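Report on the structure given below.
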Amino acid sequence: MAAEQQNEMKIPQMEENKENSIDGSLGLEILQIIKDSQQQHGLRHGDYQRYRGYCSRRLRRLRKTLGFKMGNRHKFTGKKVTVELLSDNRHLLLVLMEAERAWSYAMQLKQEANTEPRKRFHLLARLRKAAKHGEQLEKLCESPRVDAKTKLEAQAYTAYLNGMVQFELQEWKSAMEAFNKCKTIYEKLASAFTEEQAVLYHQRVEEISPNIRYCAYNIGDQNAINDLMQMRLSAGGGGGMMAEKLEALITQTRAKQAAVMSEVEWRGRTVPVKIDKARIFLLGLADNEAAIIQADNEETKERLYESLLAECRDTIQAVREELRTDVKQRERAAEGADSGKVSNLQYLHSYLTYIKLWTVVRRNESMAHALQAKLKEPQTDENKRGPRPQDLIRLYDIILQSLAELSSLQGLEEDHTFQKEVALKTLVYKAYRCFYIAQSYVLVKKWSEALVLYERVLKYTREVQSKAKSFNNSLKDLPDVQELIAEVSAEKYSLQAAAILDTEDVAEVPPQQQIKDTTPLSDRLDHFRLDPTLLSKQPNLVQFPPDFQPIPCKPLFFDLALNHVAFPPLDDKVEQKGKGGITGYFRGFFGFGS
């Protein structure tokens, strides 16, 4: 925290030195200042609360430096920057920071309003406050002491804040006029400077364009949604705030179109769609798939796949919650299960799950194509780890797992055509998985295992060709099996040649030396053999510890004659117990009778 505050102290000084104009007039790089501050203090990660705290600390430092205090510790006295007080560009910076603080608080409340709708009223109040500070900054810049560039930037900044207020109030026409004014000013400023200086203005124009197109759509321009989709494609794989804003605007646009959507048809069955989240997702499904096809690079395509999968998971979760809470629907599902037909809601759940699993298959297949291309390229840097066949094996494992889940979807157990299509696709991907397992064995020079796996690949491909005759359209989205057959045939010949020529590990030594014998020297004294280990530190001279050998045990003696010996009588040795009555008792008690 201390390091961050030290950086904050350095930044204003650098900017203030940069803002002083050569001719003595006041100047302020408004857009440069707010963009640098936002990127360095939280907005790179969407942390508006951190940026608001930075604006508050910077305001306190500016007021202390300028002596522009709001009363004392006992009493607050409101004070505004006027044209008469305008003697330093830091007075302009003071108003700018006030506007930024209010705007960042509004954006923080906008994030929290997703779960707490009441915060929307506070959000609008903060936005109006930011626009009010922006208008104050514009009036201050009307002074003749302020240069022309700062005046134009102040007008564009105020127009942007006013447009944000009207946008949140859904006053589309007013918002569009304000955004267009802001866009025009920044375009004019960009044309007046060099390319390096104009980059920041062009970026601002790109940020404003989605809002303009969304306002145009709400006014009545039906082509605006297509423009938003093209903007999302041109945003690239970086994502960030721009991509999030585009996704939010596209979702809002689809929500309006989804009001007219009531049902969907899949595999000959029409299902009503009553859940709004499912309507919005199904309405944009075709657009998302078209955007994936039009993507220029793999990074953009991967980002679009992930976005589609995340939206699909949220939709499935909404349908699953509806299935849990609707008791009557569950009862109808049980009755439908008895009659062999699932309920409409369960069938919709199966359809969405099919979309998710098939999207996973297509995404992994796209990643596999990219890895295959890299695998064929020669590796220039030996220290850098390149792609390996094991990476492709993992991708095809995920594909086969998704296909196994497809075959067990509820409502499609009796659809034999669907089950056969899934089985055919499974064979294709099994063939590719088996091919790359064989490639991994080739790398470790296990020729026989690789050859067996290549034969298994050819077996799978023959099965695919025999079964694909009855399915005309089932293989159009799958990899070409014929190319795999040609590649396997070429690899088999290369494998056989490599196995024959693999002699680099065979040393030219006599056959006796190639035999590894662990017999100690004491047991082979009659046989001559060169043994280099005898001269080492651990020569094999004798076996230690020695093996156990059998020895005779100590005999056990049994006295068998004891049973036949007659012992002499011992009656005279045994004491006879006398009959002396009570006298004998006392005599024995005191020991006199012994």
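What you see is a predicted model, and the numbers here were worked out from it, not measured in a lab.
The shortest side-chain heavy-atom distance between Leu395 and Asp391 does not fall under the 4.5 Å cut-off. Side-chain atoms of Leu282 and Tyr351, non-hydrogen and from C-beta on, do get closer than 4.5 Å to each other. Within the 4.5 Å cutoff, no side-chain heavy atoms of Glu463 are placed close to those of Lys430. Counting heavy atoms from C-beta outward, Asp415 and Gln419 have side chains that stay 4.5 Å or more apart. In this structure, the side chains of Leu443 and Pro389 come closer than 4.5 Å at one or more pairs of heavy atoms. Considering only heavy atoms from C-beta on, Val457 stays 4.5 Å or farther from Tyr432 through its side chain. Counting heavy atoms from C-beta on, the side chains of Phe435 and Glu491 come closer than 4.5 Å. Contact annotation: the side chain of Lys356 approaches that of Leu309 to within less than 4.5 Å [non-hydrogen atoms, C-beta and beyond].
The NZ atom of Lys425 sits 4.0 Å away from atom CH2 of Trp358, with the distance rounded to the nearest 0.5 Å. To the nearest 0.5 angstrom, Gln111 atom CD is 11.0 Å from Lys119 atom NZ. Between Asn364 atom CG and Tyr305 atom OH the span is 9.5 Å, to the nearest 0.5 Å. Considering CZ of Arg433 and OG1 of Thr426, their distance stands at 12.0 Å, rounded to 0.5 Å. Annotation: the span from Gln543 atom CD to Leu541 atom CG amounts to 12.5 Å, rounded to 0.5 Å. To the nearest 0.5 Å, atom CG of residue Leu285 and atom CD1 of residue Ile355 are 5.0 Å apart.
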Practice task
Step by step, work out the side chain to side chain contact (heavy atoms under 4.5 Å, CB included) result for Asp397 and Ile393.
Solution key: CA-CA 6 Å; Asp397 280 335; Ile393 294 169; 3.8 Å; yes
Practice task
Determine, step by step, whether Asn344 and Arg269 satisfy the side chain to side chain contact (heavy atoms under 4.5 Å, CB included) criterion, reporting the C-alpha distance in whole Å, the side-chain angles of both residues, the deciding distance to 0.1 Å, and the verdict.
Solution key: CA-CA 9 Å; Asn344 287 332; Arg269 179 174 172 178; 3.0 Å; yes
Practice task
Could you go through the side chain to side chain contact (heavy atoms under 4.5 Å, CB included) check for Met107 and Arg52 one step at a time?
Solution key: CA-CA 10 Å; Met107 295 298 102; Arg52 180 165 67 96; over 6 Å; no
Exercise for the section: Could you please spell out the steps behind the side chain to side chain donor-acceptor pair (under 3.5 Å) verdict for Glu365 and Tyr429? Expected result: CA-CA 10 Å; Glu365 187 182 348; Tyr429 290 113; 2.8 Å; yes
Practice task
Go through Val271 and Trp266 one step at a time and tell me if the side chain to side chain contact (heavy atoms under 4.5 Å, CB included) criterion holds.
Solution key: CA-CA 8 Å; Val271 181; Trp266 181 53; over 6 Å; no
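Note that Arg267 lies outside the cation-pi zone of Phe418, set by a 6.0 Å cut-off to the ring centre and a 45° limit from the axis.
Between Ser440 and Gln390, the shortest heavy-atom distance links the atoms CB-NE2, 3.9 Å. Of all heavy-atom pairs spanning Gln410 and Ser350, the tightest one is O-OG, 2.7 Å. Taking all atoms of both residues into account, the shortest heavy-atom contact from Glu265 to Gly268 is OE2-CA, 4.3 Å. When every heavy atom of Ile316 is checked against every heavy atom of His349, the shortest pair comes out as CG2-NE2, 3.6 Å. Here the closest non-hydrogen pair linking Ile292 and Leu308 is CD1-CD2, 4.1 Å. The minimum heavy-atom distance linking Ala368 with Leu392 is given by the pair O-CD2, 3.5 Å.
Annotation for Gln49: atom CD does not count as buried by contact number, only 12 or fewer foreign heavy atoms lying within 6.0 Å. Within 6.0 Å of CD on Glu306 lie more than 12 heavy atoms contributed by other residues, nucleotides or ligands.
Glu321 and Lys277 are not joined by a salt bridge, as no carboxylate oxygen comes within less than 4.0 angstrom of a charged side-chain nitrogen.
A donor and an acceptor atom, one from each side chain of Gln372 and Tyr436, are located under 3.5 Å apart. Looking only at atom types and distance, the side chain of Glu298 has a donor-acceptor partner in the side chain of Ser366 under 3.5 Å away. In summary, the side chains of Tyr454 and Gln439 do present a donor paired with an acceptor at a separation below 3.5 Å, with no hydrogens or angles considered. Using modelled atom types, one finds no donor on one side chain facing an acceptor on the other under 3.5 Å when comparing Gln465 with Arg462.
In this structure, Glu413 contributes its side chain and Gly411 its backbone to a donor-acceptor pair below 3.5 Å. A donor-acceptor pair under 3.5 Å is formed between the side chain of Asn540 and the backbone N or O of Thr518. Of the possible polar contacts, none joining the Asp314 side chain to the Glu311 backbone as a donor-acceptor pair under 3.5 Å is found. Listed for the Ser307 side chain is no donor-acceptor partner under 3.5 Å among the backbone atoms of Leu304. Checked by atom type and distance alone, the side chain of Arg279 pairs as donor or acceptor with a backbone atom of Val273 at under 3.5 Å. For the pair Arg456 (side chain) and Cys434 (backbone), a donor-acceptor distance under 3.5 Å is absent.
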